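For reference, the structure is listed below as structure tokens.
Reckoned from all heavy atoms, side chains included, excluding hydrogens, waters and symmetry mates. Keep in mind the model is a prediction, meaning the values are calculated, not measured.
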Amino acid sequence: MGMNKLELDCLSRMAIFARVVEVGAFSRAAKELGLTSSSVSQHIRALETYLGTTLLHRTTRKLSLTEAGSLFYQNCVKVVATAKEAQQDVATLHNQAVGELRVAVSSFMASRYLIPALDRFIRDHPKVAVRIDVCDHNIDLVEHRIDLALRVGRSQAEGDIPLTRLDDVLCAAPAYLDSRPRISRPDELARHDFLLFTPHGESTGIDLTNARGDCVRVRLLPRVSANNALALRLLAVEGHGIARLLRVKIQADLDAGRLRQVLPDWRLDGFCAFITTRHRDEVPLKVKRCIEYIRAYFSMQHPHPHPHPHANA
């Protein structure tokens, strides 16, 4: 059940009452708390009215606790101590690398980048409990209490941290390409089956640019849609159509001849790997440290990142 206003007022007055008892005078307590003596006196009277009992015996020379006041004071001390401990715990989370760290990432980025990047972080920060959420679509960071997410996309929101540009290519199995009409120009793609990766959006239009700077937009017909790039890669290898995939994911397939690049003289927009976090103003130290380790790993893997000018999603 939630608190009402009287109960909330009671909590603040408990702290005032405890300080009055500890210093033994309304005026001294008022000075420490930045209040007037009359205001402190009013708070104590309101507290007594709320509780229905007298807490303090007042004389011109001193204050003394009633039996109820003595019992109530002991509980006030506990409440004030708990409040201070809560403040210290929050401060610790922001100023020390401790507590739980929740990270969201796609399946590919987890194995290719995040886990290697977190290897040293986990060893160096024994007081941080890491929770990894692997999902091939972008989840709401606030709703799922995610501290940071490692993502790949096209557009970048304010506050996101770009890591590197990742080139993508159109590719298909040799068996598929050999059995279908030859592709020598972008407009000929429209006659082919397309394997669509849905996390990058439902749009089936792609933009291609050649060495002369000519730009062409082509709308493709999706034969299969999936929110998992590995599934599309396997479908492409099996000859089910043309897929748009990150080069880093399929370079081994290209080298082995399992996949062949389509229109190699035309370049796609590419994507950007980036970090996004729900912490915008006061970033906990554990989050800052994790970001540093991820950025360091990307710097080793991609010494010349050349982030895409429209990075992130």
Side-chain angles (χ1 to χ4, degrees), residues 1-104 124-131 133 139-149 159 277-291:
M1 295 180 62
M3 284 189 172
N4 58 38
K5 186 177 185 303
L6 288 176
E7 291 170 328
L8 289 173
D9 290 340
C10 180
L11 287 176
S12 62
R13 287 165 179 161
M14 288 173 73
I16 296 172
F17 172 71
R19 199 60 194 143
V20 168
V21 174
E22 288 161 0
V23 300
F26 280 41
S27 58
R28 286 184 60 189
K31 186 176 181 179
E32 289 189 10
L33 297 171
L35 302 170
T36 63
S37 295
S38 61
S39 176
V40 170
S41 180
Q42 290 171 6
H43 281 301
I44 300 303
R45 283 197 298 270
L47 190 57
E48 290 176 326
T49 300
Y50 176 72
L51 296 172
T53 188
T54 301
L55 300 174
L56 289 169
H57 291 306
R58 303 165 179 81
T59 68
T60 56
R61 301 185 63 181
K62 66 176 185 177
L63 300 174
S64 60
L65 289 167
T66 65
E67 182 180 6
S70 179
L71 179 63
F72 188 65
Y73 170 70
Q74 296 173 31
N75 286 285
C76 289
V77 171
K78 294 177 183 177
V79 169
V80 172
T82 299
K84 289 181 177 179
E85 183 179 351
Q87 291 176 333
Q88 292 171 352
D89 287 345
V90 172
T92 297
L93 282 176
H94 279 274
N95 300 322
Q96 297 183 32
V98 298
E100 185 177 79
L101 177 70
R102 302 176 71 91
V103 184
D124 292 347
H125 299 83
K127 293 184 179 180
V128 177
V130 180
R131 304 288 182 261
D133 190 328
I139 61 176
D140 186 279
L141 303 190
V142 175
E143 179 183 351
H144 294 271
R145 294 175 45 241
I146 300 296
D147 292 296
L148 63 91
T277 174
R278 64 184 173 94
H279 303 282
R280 295 301 187 184
D281 298 323
E282 298 182 10
V283 182
L285 185 61
K286 62 188 176 185
V287 176
K288 292 181 180 178
R289 290 285 182 268
C290 187
I291 290 173

Between atom CG of D133 and atom CD1 of I139, what is the distance when rounded to the nearest 0.5 Å? 4.0 Å

Kindly determine whether V80 and E22 satisfy side-chain contact (heavy atoms from CB on, under 4.5 Å), including the steps that lead there. CA-CA 13 Å; V80 172; E22 288 161 0; over 6 Å; no

C10 to L47 - nearest heavy-atom pair and separation: SG-CD1, 3.7 Å

Looking only at heavy atoms, what is the nearest atom pair of V128 and A97, with distance? CG2-O, 3.2 Å

Say you draw a straight line from CG of L55 to CG of L71; how long is it, rounded to the nearest 0.5 Å? 10.0 Å

Expected output: side-chain D147 to main-chain R102 donor-acceptor under 3.5 Å: yes

Ring geometry between Y73 and F17 (parallel below 30°, tilted from 30 to 60°, perpendicular above 60°): perpendicular

N/O donor-acceptor pair under 3.5 Å between T49 side chain and R45 backbone: yes

Got a second to check how far F26's CZ is from H43's NE2, nearest 0.5 Å? 11.5 Å

Does K286 reach the main-chain N or O of E100 with its side chain, forming a donor-acceptor pair under 3.5 Å? yes

Closest heavy-atom pair, A30 versus S37, reported as atoms and distance to 0.1 Å, is CB-N, 3.7 Å

Please examine the side chains of L35 and I16, heavy atoms only from C-beta on, and report whether any two atoms are closer than 4.5 Å. yes

Look only at the side chain of S70 and the backbone of E67, and say whether a donor-acceptor pair between them is shorter than 3.5 Å. no

How long is the gap from NZ on K31 to CZ on R19, to the nearest 0.5 Å? 13.0 Å

Can you confirm whether T66 sits close enough to H57 that some side-chain heavy atom of one is under 4.5 Å from a side-chain heavy atom of the other? yes

What distance do L148 atom CG and L101 atom CG have between them, rounded to the nearest 0.5 Å? 5.5 Å

With rounding to the nearest 0.5 Å, note down the distance linking CD1 in I146 to CZ in R278. 8.0 Å

